[in-house]
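Letters A, B, ... are given to chains in the order of the sequence lines, protein chains preceding strands, and every chain is numbered from 1.
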There are 2 protein chains.
Amino acid sequence: MAQIDRSLIAALPSFVGMGPEALDDVLAQARPLRALKGAAVFNQGQNADEFFLLLHGRLRVTRITPQGEQMVVRFVGPGDMFGVAMAIKSETYPGTATAVVDSLALVWPNSAWTGLISRHPALALNTMGTLGARLQDSQTRILEMSTQQAEKRVAHAVLRLVNQAGRKTDEGILIDFPISRQDIAEMTGTTLHTVSRIFSAWEEMGLVKGGRRRILVRDPHGLFMLAEKAE
Amino acid sequence: MAQIDRSLIAALPSFVGMGPEALDDVLAQARPLRALKGAAVFNQGQNADEFFLLLHGRLRVTRITPQGEQMVVRFVGPGDMFGVAMAIKSETYPGTATAVVDSLALVWPNSAWTGLISRHPALALNTMGTLGARLQDSQTRILEMSTQQAEKRVAHAVLRLVNQAGRKTDEGILIDFPISRQDIAEMTGTTLHTVSRIFSAWEEMGLVKGGRRRILVRDPHGLFMLAEKAE
DNA sequence: CGGTCGATTTGCGCCATAACAAAAAAATCT
DNA sequence: AGATTTTTTTGTTATGGCGCAAATCGACCG
């Protein structure tokens, strides 16, 4: 097996504070995995026996209720760990991870987890930090859904996407992967109809420019004002 | 300083898999803290320089938006860790913890955190499990708020309280600490008015029996059916 | 025991947004 | 190019539950 270069991961948040030998120890048990656009890396409910780090591409993580209603939990970007069911003491994956563009990940067998955490306290601390950040984010979303109405929730969601995956262009900031109105609706707890109406209004105001599975934010500051303004 | 007995904590989920010396190492740096009903253990935004374990009592953790809207994040029960801002790499407490009954906790200085995690991998793994469970719970709440209407959300919230703090009586299951309609509203993203109406209807149906800051669930199974029924 | 204050209940009107419906637009396939 | 599918837009109607208002109830206090 070709050795994976540790420079690939040394700078990632999950591995800060780890020396070269530690990184080699981590990489020694990993293998690469490609996922083509539209393919699932793992499915909700499936036995969780591996965990992952995304190197390149973008995944959408979703959860579905027994009644069939779906939500978008988050989008995974390069450098993010995902599918860490082991870390949260779950036997199965709590959601489904689907590639929205062709993607490349590293995979470890779950059997490696306890040993890695025990040998590398920095990895443990970093992973906790990651989980904590996700927890904060979830709670923020709950707070938004409790107290704000649809337009502001959508604005916040788009601003979060700008931070995670915004790419500057001369027209404004482009969300760097294909994302549908339905996705936005499932991130914000509304319907694609409402999202579509909101985008139409914003387009009229010159805040954004839409397109099929495409979002270009022309005026991020204006959107921010709209999201934060009291009332 | 009086030594705290390790039998107090040995059986708690946070410390499973740790030997006697490990437990002593953990306890050596802790001190006890009493919080009377209504008192805040820490406040949102305050510099986080300690973390906690609840031994006895009950706390309510809340978060508030810049605009002043509040939500109840969770209730902390005996054996739960809380205020672990360090674990999530936050400088300040992200919420406020208030005693809803007279309570007793253990407190550690944040400076002890890194050392404890490094020396005791089991503690790291257990803490991750705790964070993961909270993350799961948050995502479930988001999913509920996205897809279900107020009555079902309230039903789920009450069932969760039954699991966390239900005490069997001959009349039914009593939530073991004072909790107001306003609290329930802030847990479910609705208003106290709506919660009150829902409780009135349930009382009529014989599902629950209310009271001032008091909830008695007469028919847990009926409530469960109501919460889960498709539609 | 009367007064005060916090908590709860209830009524009513309105509005944001879901639900239903259909068409238009853009991409993909044959 | 034409056909098919997916995604988005837009119109109309219906309604859950919020906002406002007020009354009631119960607990605690002096």
On the nucleotide dC18(D), are OP1 or OP2 found under 4.0 Å from the side-chain N or O atoms that Thr190(B) carries? yes
Rounded to whole Å, how long is the line connecting atom CD of Glu151(A) with atom P of dT17(C)? 9 Å
Evaluate whether atom NZ of Lys89(B) has more than 12 neighbouring non-hydrogen atoms of other residues, nucleotides or ligands under 6.0 angstrom away. yes
Whole angstrom is fine here: how far is it from CZ in Arg181(A) over to P in dA18(C)? 16 Å
Mind calculating the distance between CD (Gln148(B)) and C1' (dA18(C)) to the nearest angstrom? 16 Å
The nucleotide from dT17(C), dT10(D), dT9(C) with an atom nearest the side chain of His193(B) is dT9(C)
Separation between CG of Asp137(A) and CD1 of Ile142(B), rounded to the nearest 0.5 Å: 7.5 Å
Residue pairs passing the side-chain hydrogen bond (donor to acceptor under 3.5 Å, both in side chains) test with at least one member in residues 161-175 of chain A, sequence neighbours excluded, are Arg167(A)-Asp176(A), Glu171(A)-Arg218(A)
Nearest heavy-atom pair of Leu226(A) and Ala155(A): which atoms, and what distance? CD2-CB, 4.1 Å
Length of the line joining Met145(B):CE and dG16(D):P, which is rounded to integer Å: 18 Å
Whether Glu186(B) and Arg60(B) form a salt bridge (side-chain N of Lys/Arg under 4.0 Å from carboxylate O of Asp/Glu) is what I want to check. no
Specify the separation, in whole Å, of atom CD of Glu69(A) and atom C1' of dA18(C). 12 Å
Pair pattern of DNA chain C in dot-bracket, where unpaired bases get dots and | marks partners in another strand, Watson-Crick or G-U under 3.5 angstrom: ||||||||||||||||||||||||||||||
Map Ser180(A) and Ala150(B) onto DNA chain D by nearest heavy atom, then report which one ends up closer to the 5' terminus. Ser180(A)
Each nucleotide N or O in nucleotides 25-30 of chain C that has a protein N or O under 3.5 Å away: list the pair and distance.
none

Rounding to a whole Å, what distance do you find between Leu192(A):CG and dC20(C):P? 14 Å
Between dG26(D) and Arg214(B), counting only base atoms on the nucleotide and side-chain atoms on the residue, is there a donor-acceptor pair under 3.5 Å? no
So, is Thr194(B) close to the dC18(D) phosphate, meaning a side-chain N or O under 4.0 Å from OP1 or OP2? yes
When you check the phosphate oxygens OP1 and OP2 of dT17(C), does a side-chain N or O of Thr191(A) lie under 4.0 Å from one of them? no
Closer to the 5' end of DNA chain C via nearest nucleotide, is it Arg197(A) or Ser196(B)? Ser196(B)
Between Met145(A) and Met71(B), is any pair of side-chain heavy atoms under 4.5 Å apart? no
Heavy-atom closest pair, residues Leu143(B) and Ile64(A): CD2-C, 4.4 Å
Just the rounded figure in Å: distance from C1' of dC25(D) to CZ of Phe199(B). 17 Å
Check whether the side chain of Arg213(B) and the base of dG26(D) form a donor-acceptor pair under 3.5 Å. no
Work out which heavy atom in Arg63(B) is nearest to a heavy atom in Gln139(A); give both atom names and the distance. NH1-CB, 3.3 Å
Polar side chain donor-acceptor pair, Ser138(A) to Arg74(A), under 3.5 angstrom: no
Nearest-Å distance, CD (Gln149(B)) to C1' (dA16(C))? 15 Å
What closest approach, in Å, do Ala87(B) and Leu131(B) show between heavy atoms, and which atom pair accounts for it? CB-CD1, 4.5 Å
